[in-house]
Amino acid sequence: MKKISSIFLLLVTFLAFSCKEKAENSSNELAEASKSLNLDLDKPVDNMTAFIKVRGSLKDGEEIVFYANGKIYGFVDGERDKPLMGFEMYNIGKYIKTGENQYNLLTNEVLLYTDLKTGEVLETFDNPYTGETVDVVHVWNSPVNQKAALEGRYGKWGIPHQKFGDDQICMNADIFLKYPSPLPIKDFPENSQSDDYEAAELFQFFFSEKAINDPNQTSVPCTISWTRLGPWLPWLKMAQRPGNMVYQGAGYKLMETDYDKMPKVLTEYVMAKHPEYRHAPTEYSSPNETSWTYFKKISTSK
């Protein structure tokens, strides 16, 4: 009987501890759930908080990187599309808080054009449309800065968003541009398709709803999709030939401390040619650099 009683007591003790552990776990889960930010992305303030955690970091001055790669196609009405080249790129940036719900986003941007077969960085390119071999001008845009405020030049803050499944959210930025080209045809007849620069930049940011509502995370993991529709690049020397270029890429976010985890074909080229693009700008400035203004700068300095 004593032996049976001992086993019985051990069993009761085990069950008691087990129940206590389950109760503590349940209590911890409820506590964690109560800590959720419960962001409502239809509210401008919450939408901004979410986007900054996705696009950068709420930690003032913390640098993050968006890496992407993909392909570029030539698209001409009535013709079959032509895969032209690949690309390797990144944008490195940081948010600086300038006031209540006001931020400056400071970034530098690099895009290298690559050979579709070898993946190597191109220095010259055999243009299949003209038959000419041209010198490649990679993208070295500094700065590429933005201001974030609840009331901005384009109205109230609000990044469109959708929820997929139980935890996946996509915020998208569809940007359509049209303004006088920095490269007017009369001054750059070989390099300019139009006196207006017209393009579309379509960004999608995918992230976890649970992560974005975690108050302990100032920056959350994110994957991206990027599509760009635009005119022929100036260095292709396409003059006023009809057609467009289509960029399709995908990538992900990483912290600045993980810079060397990006492909070496990209990071080694940057460090060898323009190591200043290793970090974001130190202070806000304008206007922003673009492929067109950069081309004008290097063309007129020769």
**Student:** Please check if any side-chain donor atom of Q146 sits under 3.5 Å from a side-chain acceptor atom of Y103, or the reverse.
**Tutor:**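 Absent: no donor and acceptor within the cut-off.
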
**Student:** Walk me through whether L112 and L266 qualify under side-chain contact (heavy atoms from CB on, under 4.5 Å).
**Tutor:** CA-CA 7 Å; L112 306 180; L266 175 59; 3.7 Å; yes

**Student:** For the CD atom on E120, are there more than 12 heavy atoms of other groups (residues, nucleotides or ligands in this structure) within a distance under 6.0 Å?
**Tutor:**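 No, CD of E120 has 12 or fewer neighbouring heavy atoms, counting only those of other groups under 6.0 Å.
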
**Student:** Which residues satisfy the salt bridge (Lys or Arg N to Asp or Glu O under 4.0 Å) test with E289, sequence neighbours excluded?
**Tutor:**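 Checked E289 against salt bridge (Lys or Arg N to Asp or Glu O under 4.0 Å); matches are K297.
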
**Student:** Roughly how far, to the nearest 0.5 Å, is CG of D187 from OG1 of T300?
**Tutor:**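 So the OG1 of T300 and the CG of D187 are separated by 10.5 Å.
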
**Student:** Give me the ring orientation class for F205 and F203: parallel if the planes are under 30° apart, tilted from 30 to 60°, perpendicular past 60°.
**Tutor:**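 Plane angle under 30°, so parallel.
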
**Student:** S142 and N108: which non-hydrogen atoms are nearest, and at how many Å?
**Tutor:**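 Looks like OG-OD1, 2.5 Å.
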
**Student:** Minimum heavy-atom separation for W157 and A148, please, with both atom names.
**Tutor:**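 Taking every non-hydrogen atom into account, CZ3-CB, 3.7 Å.
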
**Student:** Do any N or O atoms from the side chain of Q193 and from the backbone of M238 form a donor-acceptor pair under 3.5 angstrom?
**Tutor:**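 Not at all, since once roles are kept as given, no pair shorter than 3.5 Å links the two residues.
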
**Student:** To the nearest 0.5 Å, what is the distance between CG (N47) and CG (L39)?
**Tutor:**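 Going from the CG atom of N47 to the CG atom of L39 covers 9.5 Å.
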
**Student:** With sequence neighbours excluded, give me every salt bridge (charged side-chain N to carboxylate O under 4.0 Å, His left out) pair touching residues 188-211.
**Tutor:**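 Checked against salt bridge (charged side-chain N to carboxylate O under 4.0 Å, His left out) - neighbours excluded - the pairs reaching residues 188-211 are K163-E209, E201-R228.
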
**Student:** Among E62, K253, R55, which residue meets the side chain to side chain donor-acceptor pair (under 3.5 Å) test with S219?
**Tutor:**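 For S219, the side chain to side chain donor-acceptor pair (under 3.5 Å) check succeeds only for K253.
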
**Student:** Are W226 and V110 linked, directly or through other ILVMFWY residues, by side chains that come within less than 4.5 angstrom of each other?
**Tutor:**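 The answer is yes; both residues are in one hydrophobic cluster.
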
**Student:** Go through the steps to decide whether H138 and E123 satisfy the test side-chain contact (heavy atoms from CB on, under 4.5 Å), and finish with yes or no.
**Tutor:** CA-CA 9 Å; H138 299 294; E123 299 299 347; 4.2 Å; yes

**Student:** Take atom CD in E283; do more than 12 heavy atoms of anything else shown fall under 6.0 Å from it?
**Tutor:**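 Not more than 12 within 6.0 Å, no.
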
**Student:** If you look only at pairs with a residue in residues 139-151, which of them pass as a salt bridge (charged side-chain N to carboxylate O under 4.0 Å, His left out), with sequence neighbours excluded?
**Tutor:**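 Every candidate salt bridge (charged side-chain N to carboxylate O under 4.0 Å, His left out) pair involving residues 139-151 fails, so no pair, neighbours aside, qualifies.
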
**Student:** Are side-chain heavy atoms of M85 and V136 found at a separation under 4.5 Å?
**Tutor:**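 SC-SC contact between M85 and V136 ruled out.
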
**Student:** Under the side-chain contact (heavy atoms from CB on, under 4.5 Å) criterion, do I159 and V54 qualify, and how do the steps go?
**Tutor:** CA-CA 12 Å; I159 305 294; V54 170; over 6 Å; no

**Student:** Check the pair V246 / D81 against side-chain contact (heavy atoms from CB on, under 4.5 Å), numbers first and verdict last.
**Tutor:** CA-CA 10 Å; V246 180; D81 63 284; over 6 Å; no

**Student:** CG/D258 to OH/Y67 distance, rounded to the nearest 0.5 angstrom?
**Tutor:**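 The OH atom of Y67 is 14.5 Å from CG of D258, to the nearest 0.5 Å.
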
**Student:** Does a donor on one side chain and an acceptor on the other come within less than 3.5 Å for N91 and T107?
**Tutor:**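 Note: N91 and T107 side chains meet the donor-acceptor criterion.
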
**Student:** Is it true that a side-chain atom of K53 and a backbone atom of L58 form a donor plus acceptor pair closer than 3.5 Å?
**Tutor:**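 Here the side-chain-to-backbone pair does not exist.
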
**Student:** Between I96 and Y284, is there a side-chain heavy-atom distance shorter than 4.5 Å?
**Tutor:**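 No. Closest side-chain heavy atoms not under 4.5 Å.
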
**Student:** Is a donor from one side chain sitting under 3.5 angstrom from an acceptor on the other, for T133 and D126?
**Tutor:**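 The criterion, which ignores hydrogens and geometry beyond distance, is satisfied for D126 and T133.
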
**Student:** Is there a path of hydrophobic side-chain contacts, each under 4.5 Å between heavy atoms of I/L/V/M/F/W/Y residues, joining F295 to I185?
**Tutor:**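 The answer is no; the residues belong to distinct hydrophobic clusters.
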
**Student:** Is Y269 reachable from L111 through a run of hydrophobic residues whose side-chain heavy atoms are each under 4.5 Å from the next?
**Tutor:**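 In one cluster: yes.
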
**Student:** Measuring from atom OH of Y197 to atom CH2 of W292, what distance do you get when rounded to the nearest 0.5 angstrom?
**Tutor:**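 Output value for this atom pair is 5.0 Å.
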
**Student:** Is there a side-chain contact between L106 and P143, using heavy atoms and a 4.5 Å cut-off?
**Tutor:**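 A side-chain contact under 4.5 Å is absent here.
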
**Student:** When you compare the side chain of S181 with that of S192, does any pair of heavy atoms fall below 4.5 Å?
**Tutor:**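 Yes, at least one pair of side-chain atoms sits under 4.5 Å.
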
**Student:** Would you mind listing every side-chain hydrogen bond (donor to acceptor under 3.5 Å, both in side chains) that reaches into residues 235-252, with sequence neighbours excluded?
**Tutor:**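 Listed once each, the pairs are T227-Q248.
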
**Student:** Partners of Y129 by ring pair (Phe, Tyr, Trp, His ring centres under 6.0 Å), sequence neighbours excluded?
**Tutor:**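 Checked Y129 against ring pair (Phe, Tyr, Trp, His ring centres under 6.0 Å); matches are W232.
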
**Student:** Identify the heavy atoms of F164 and C170 that sit nearest to each other, and give their distance.
**Tutor:**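 What the structure gives for the nearest pair is CE1-CB, 3.6 Å.
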
**Student:** In Å and rounded to the nearest 0.5 Å, what is the CG to CG distance from N216 to N213?
**Tutor:**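 Rounded to the nearest 0.5 Å, the CG-CG separation comes to 12.0 Å.
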
**Student:** Could you tell me the separation between the NZ atom of K94 and the OG1 atom of T282, rounded to the nearest 0.5 Å?
**Tutor:**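 If I round to the nearest 0.5 Å, the distance is 6.5 Å.
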
**Student:** With under 30° as parallel and over 60° as perpendicular, where do the rings of H274 and W140 fit, or are they tilted in between?
**Tutor:**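 The arrangement is tilted - the two ring planes meet at 30° to 60°.
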
**Student:** Is there a path of hydrophobic side-chain contacts, each under 4.5 Å between heavy atoms, that joins L236 and L229?
**Tutor:**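 Shared cluster, no.
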
**Student:** Could you report the tightest heavy-atom contact between I224 and A68, atom names first, then the distance?
**Tutor:**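 Residues I224 and A68, closest heavy atoms: CD1-CB, 4.3 Å.
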
**Student:** Is there a path from L116 to F87 through hydrophobic residues (I, L, V, M, F, W, Y) whose side chains come within less than 4.5 Å of each other?
**Tutor:**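 Different clusters.
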
**Student:** In the structure I gave you, are the side-chain heavy atoms of V270 and Y259 within less than 4.5 Å of one another anywhere?
**Tutor:**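 Side-chain contact under 4.5 Å: yes.
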
**Student:** Y90 and Y277: side-chain donor and acceptor closer than 3.5 Å?
**Tutor:**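 There is no such pair between these side chains.
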
**Student:** With side chains defined as the heavy atoms from C-beta onward, is the minimum distance between N145 and S286 less than 4.5 Å?
**Tutor:**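 Of all side-chain heavy-atom pairs linking S286 with N145, none is under 4.5 Å.
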
**Student:** Should side-chain heavy atoms under 4.5 Å link Ile, Leu, Val, Met, Phe, Trp and Tyr, which residues sit in the same cluster as L202?
**Tutor:**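 Traced through the cluster, L202 reaches F176.
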
**Student:** If we only count heavy atoms from C-beta on, is the L41 to I212 side-chain gap below 4.5 Å?
**Tutor:**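 When only atoms from C-beta onward are counted, I212 and L41 do not touch, as no gap falls below 4.5 Å.
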
**Student:** Hey, does N141 have a side-chain heavy atom less than 4.5 Å from the side chain of N288?
**Tutor:**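 Result no, sub-4.5 Å side-chain heavy-atom pair not found.
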
**Student:** Please give me the minimum heavy-atom distance between H161 and D42, naming the atom from each residue.
**Tutor:**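 Minimum heavy-atom separation between H161 and D42: NE2-OD1, 3.0 Å.
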
**Student:** Can you see which heavy atom on V220 is nearest to which on A211, and at what distance?
**Tutor:**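 Shortest heavy-atom separation between V220 and A211 comes out as CG1-O, 3.5 Å.
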
**Student:** Any side-chain to backbone donor/acceptor pair from N69 onto G251? Under 3.5 Å, distance only.
**Tutor:**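 The answer is no, because no donor-acceptor pair under 3.5 Å joins these two groups.
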
